[in-house]
Structures are given as C-alpha cells and as structure tokens.
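Atoms within each ligand, like the ligands themselves, are counted from 1 in listed order. Keep in mind that what you see is a predicted model, and the values were worked out from it rather than measured.
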Amino acid sequence: MKTEIFKVGGMNCASCAAKVEKALRDVAGVAEVSVNAATGRALCTFDPRQTSADRLAAAVKAAGYSMEKPQHAPSGAAPWWRSPWWPVAVVAALIGAGWGLRSDPLLVGATALAAYPIIWGALKRLARREISAEVLVATGVIASASIGEFLAAAEVALIMRLGDLLENYTIERCRRSIGSLLEHMPLTARVRRGQQEQEVPVEEVAAGDLCIVRPGENIPVDGVVESGRSAVNQAAITGESAFVDKAAGDEVFSGTLNVSGALIVRATRAAAESTLARIAALVEAAQQRAAPIQRTLDRWAGWMVPLMIALALLTLAFTHDIVRAITVLIVACPCALVLATPTAMVAAIARAAREGVLIKGGQYLEAAARLKAVVFDKTGTLTRGEPSVTDVKRFCPEHNESELIALAAVAEKMSEHPVGRAVVQHADSMRLPVPDPAAFQAHHGEGVSAEVNGQRVLVGKRSLLEKHDVALAQEHRAHLEAHNEHGHTTLMVAHDGRVCGAICVSDEPRARAEDAVAELRRLAIEKIVMLTGDQPRVARSIATRVGIEHVEANVMPEHKAARIESLRQAHGAVAMVGDGVNDAPALATADLGVAMGVSGTDAAHDAADIALIADDLSKVAFAVGLSRHTLRIIRQGLAFSLLFNVAMISTAMHGVVSLIGGAMAHQVSSLVVILNAMRLLRYGKPRRH
Ligand code: ADP
Ligand code: MG
C-alpha cells in the first residue's frame, strides 16, 4: 500500500470534497481516501500494483476536477506576472472605467473576465446534474446581467473572486507554516569521501556517509556522531530549545542546529527518510484526515444547496423581484459553515507540530478535548526508561558476581525492555563478554528466557520463575520484598531450574513528570492512573514521587487493554500514554493513544494517535488544552456562520440588502471564520508586546 497526497483543483465549496472522495474510492485498489476542501488536498492510500497516481488523477478529472502531485521542492516565489491577483486588478480597473464612462460594454467585459471561471465550473457541475455553490453564484451573475444590471453583475463576480483569493492566501500561509518544518533541513551537506571533502546536495547523502557539520550549521541527516563534541539545539524536531550535549556515539537528527563545536556524523538514513521528513509527511497526512464533525457537515451542505434554491424560488414567486431572489441565492451559500471545522483543525495540527506534538488527525483533537481519564505507563513513560543496576545479590555458590551478571546479560541481550538493556549495559561496563543467546524468548511483562551453554536461564519477575517451576525459598522472597519497598525493580535470575541471584535496577522519574501530572489535574482530568506490570510496592514508590494516587500494578501487557476498557466505562474517554514497549495494544484501545519519544519503537508510533517527539510529559497537557481551544474555535465558527447565514437570508428575502452587499457579506463571513481559526497558530505562545 502506498499513501500519497495530491493537490485537487476546482473544489470551491461544500459538496465538492465528497464528490472527489467518491470518485477516488470507486477506483479499484484504493483503500483509504480523505479529501479536504479547505486545503484543496486529497490523501489516498492505494495498492500500487492495481492502480497508479495517473489513473487516480484520471478518475478525478472525469468527475470534473483536476488532480496533481504537489511539488515538494522548495519553490521560489512565482514571477509577478503569474500572480493570481492580476485578473482581479484588471477587473477592478474595468469596473472603475465602465462606471466612470457609463459604458456597459466595459462592464460586460469585466463581468465576463471575473465570472468566467465561476460559470465554467458551474457548467461542469450542471453537466453532471449536480448543484454546487458555484451554480448559485453563476446563476446570480448571469441573471443580473440579463436584466441589465451590469454593474451589479461585475461587482458580484469581482467580490467572489477576491474572496476566494483571500481565502486561499490565508490557508496557504497556514500550510506554509507546516512546510517550514522542512526549512531547517539544509540543502547541501559536506561529505568526506576518502581524503576529499565535498559539498553535495543533501539528497545524495547515503546511509554510511560521513558528514562534517561546523558550528552554527544545521545537521543535514539523521546519524550517529563519530567524533567531536557539541551542544545541539533540537527545537526543530522536539519543540524544545534547551541544548543537548552530543559526543561520539550519540544520535543526532536532520534539521537540528549544531551550536558550539564541530561534529563528524555518520549518516544512518537518507535525507528523504529522516525523522524530520517523516514528521512533515505525517503532519501533512494528518491534516487530510477529516474529523467526524466535518463529515456530517459536508453531507449537510449537500442538501442545503437545494433548500436555498427553493427559498430563492419562493422569494421570486412572492415578490417577482429577480434581483432579490438572486441575492438570497448568493447569501445562502453555506461556505463559512463548511470551512469552520477543517480550517481550525489544520491550524491546530500545525501549531501542535511546532511544539513536537504530532496529532495524526482531526478526530484526535476531538478525543483529546473530551478526555476524562489519563493513564500512564510506568517504565519508560513516567520514568526515564534508562534504569541502572543498583544491587546484585548471589544466592548460590557456583557463580561469582561477574558470572551471574554475564549470565543474565546473555539472556537479556535481545530484549528491547529498558530493564533488560540496563543489565546488558552493566555487563558491558564491567567488560564482560556477552555472546548471543540461543532460544531467546521474551515473556512480555514478566521477563525473558534463553538458553546459555545448553541450560535454561530465566530473568524476570517471580511469576516468570514460578511458571517455569522454579521455586522461591523464603530467603529469596524476603530479599524481593525488602528491595521492592525502595522502589527498585528486582529481577530474579534462575539457571538450570534454580534461583541463583537477584539484580536490582532502579529508574528515576522523568524530570518534569510531577509538573505534567499537576497540569493535567489543573485541566480537571478526573482520573490519573499509573498502569504497570511491575510489583505494587515499586509502582507505589514511583507514583508517590510524581503525584499519582491511583496505581494499578502487576498488570500483564495483554490485560492493560482490558483495564483501559473498564476505565472508559467508569469515567468516559481515556488517554493512554506509553512508550510502546509492551503497551501498543493499550495505546490502540484507548480513545487517545499517546506515544513518547522519537526513539519510541515503531509499533508505538503506528498504534498512537498522538506522538510526542520529545520525551516531555507536559506536552500531554498542552495537547489537551490546544484541543479544547480548537473545539471552542470550531463552535464559534459554526455558530457564527449559521446565525450569519440565517440573518442574511431573511434580510435578503425582505429586500434589505443589495445584491452587492449580499455578495460582500457572504465573502466576509468566510474570511471571519478562517481568520478566527488561524488564531490557533499562536495558541500558547507568549504574547508579543
Ligand atoms: P511497565 O508497565 O512498567 O512498562 P512491563 O509490563 O513492560 O512494565 O514489565 C513489567 C515487569 O516485568 C517489569 O517491571 C519487570 O519486572 C519485568 N520484565 C519485563 N521485561 C523484562 C525483561 N526483559 N527482563 C526482566 N524483567 C522484565
Ligand atoms: Mg513500558
């Protein structure tokens, strides 16, 4: 399956998006389609063996719209003679001259020039027996020209064109604010090949190439530092401008700023696959996925247009005043209503991305705004996920301490769990050899088993040992309880059916975990829960330190999803915040799955609805706040446009507004809704004085 974003031309209003969507969906091999009338983009997931971008474009063309792949290359400003404002300026001049000279031919010319794209679009719709906003406007323009109201016809056409241009301009500005995520990616990279240093376009850097990054330059690719030492500003990716120290072995990301020293970086991915490029693609795709509110509105607009035509006909029947009927037609178009939701969502998603919060679609904004409970995973989420070994205890005489650690490290070598990595790191720091294990198996939420020198080694919780018929003596149990009390996770090590040691690992809570929990509480989230597979005492100790009261411990990974479900039943919408290790099903079950960290596993990023690029838990509260604000803005837009439409229709029916006044009011209402939504781009930013 392949997902691509296309630019769709000719979608002016209301029901167009639904028609393009249907046209795409009817093509064989298309799995998912989402069309956004506000941004003029279509997102399409299709099977490249069954269909192609060209075939999709053809289907859309047959439905009366155009479709092409948007150009991602940094496009220079268009030359001035290509500016879309030209025709508008010419029309305005013609109207001025026509009015001054009282020359009808000039006015007719102006009308034709301004109205031709509208009329052409309307004719294409009518040919397919469809009615859209363009049909309303075109009818209005033609009707007023035919009764000799040339000035009115020209002015209405001009206002419509002007309004469309302003709308596009505003939305384009919002889109650019996302595109600018990529602006941090340098266009060239300095690559060392053999003895030579060359400056090459960044697209030509391949995995394995060595790039030299001087102080003050952006890092061109994702990679690992080979040598050098520097402070790096990762704000482009994480939204946080605190400097991070980087030295040999550390991971660096494309688009981040190398501040102080020179770094030699070995590329791990091509530029096109970099984290930054993935983020930009993800955000663009997210903006495509329409929210549920929006879908119902599109349908609404579909029957509103016929209703408005009926109202106009009624006006004509009662008043015999054709200009009045036309005015009703024009003010009745529900454009502002249809724009309210998608524009706010597009702006909110763009704003969140700037903060390192990737919201994968508009519907997740709605979910985040409704949250009643937030569940946190412990290891790697509330804690830093970088535990270290704090204590090693031997229980049998055959192994000395090094041998015990080496044994556990071999068994843990393939584990992705943070506690497993801690054991392996400890062995590394003692310079113990850690060969690959045979028959490795991860027992999620309990530990690991593996074969070392033909004998079974178990590392993990008491329950894991007991399941494998390894009995714990009184001495072992006492040790476990004593250490759990201090919030240290204790891993039992069994070799050949006998307990031979215990390794304590401890993990610190994240720096701002406590603040993050407090912020959520301030947002009146009813229930904040820690959900963990660890022992209750360990869990409680960490929970107390971050300010969480409700702890559910000893929960197996497969039961985490069920716990989420019962919380949902008790409280309402639930968010699950996790790092993806052992909690991907819970992330997927929750009303809102939030995954942490760029370094988070891919399964988590797929299962999550919101991905936090930085490991900063306070972004959960930011997302909730932003979402609530977005819904507020959407409601304002809907209420305003609805009231405005109703008020304008009734005044138009009473003949209080002129045709031109109606056209202007109609365009102004769309602009008001759009500009209100654009306020979201500044959400949470300190006010400039
Ligand atoms: P959490 O919910 O805190 O993220 P998990 O469900 O991933 O915890 O794991 C629960 C417990 O299982 C851990 O606290 C640890 O005791 C044990 N465990 C999990 N994976 C391993 C492993 N690879 N090695 C040893 N113990 C493990
Ligand atoms: Mg975890």
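Close approach to Val448 involves these atoms of ligand 1, each under 4.0 Å from a residue heavy atom: 23 (N). Interface atoms of ligand 1 facing Asp377, defined by a heavy-atom separation under 4.0 Å, are 1 (P), 2 (O), 4 (O). Listed by number with element, the atoms of ligand 1 under 4.0 angstrom from any heavy atom of Gly460 are 25 (C), 26 (N). Near Ser415, meaning under 4.0 Å from one of its heavy atoms, ligand 1 places the atoms 23 (N). Taking every heavy atom of Glu412 and a limit of under 4.0 angstrom, the matching atoms of ligand 1 come to 22 (C), 23 (N), 24 (N), 25 (C). Taking a cut-off of under 4.0 Å to the non-hydrogen atoms of Thr532, the atoms of ligand 1 that pass are 1 (P), 2 (O), 3 (O).
Lys560 has a carboxylate O that lies under 4.0 Å from a charged side-chain N of Asp377, or vice versa, which qualifies the two as a salt bridge. Ion pairing between Arg522 and Glu519 fails under the 4.0 Å rule for side-chain N and carboxylate O. Using a 4.0 Å cut-off between charged nitrogen and carboxylate oxygen, Arg370 and Glu366 do not count as a salt-bridge pair. Checked for salt-bridge contact, Asp245 and Arg229 miss the test: no charged N lies under 4.0 Å from a carboxylate O.
Just one residue in the list Val410, Leu407, Val423 forms a side chain to side chain contact (heavy atoms under 4.5 Å, CB included) with Val434, and that residue is Val410. The side chain to side chain contact (heavy atoms under 4.5 Å, CB included) with Val574 is formed by just one residue from the set Thr589, Val375, Leu592; it is Val375.
With a 4.0 Å cut-off on non-hydrogen atoms, Thr489 touches ligand 1 through its side chain and not its backbone. When heavy-atom distances to ligand 1 are checked against a 4.0 Å cut-off, Val419 comes that close only through its side chain, counted from C-beta outward. By the criterion of a heavy-atom distance under 4.0 Å, the side chain of Leu491, and not its backbone, is placed next to ligand 1.
Distances between N or O atoms of Gln535 and those of ligand 1 include no value under 3.5 Å. Between Gly533 and ligand 1, at least one N/O pair is under 3.5 Å apart. An N or O contact shorter than 3.5 Å is missing between Lys378 and ligand 1 by distance.
Side chains of His443 and Ser449: a donor-acceptor N/O pair is present below 3.5 angstrom, by distance only. Between the side chains of Thr489 and Asp534, at least one donor N or O sits under 3.5 Å from an acceptor N or O.
The local environment of CG in Asn453 is sparse, with at most 12 non-hydrogen atoms from other residues, nucleotides or ligands closer than 6.0 Å.
Of the options Glu446, His444, Met492, the smallest heavy-atom separation from atom 17 (C) of ligand 1 is shown by Glu446.
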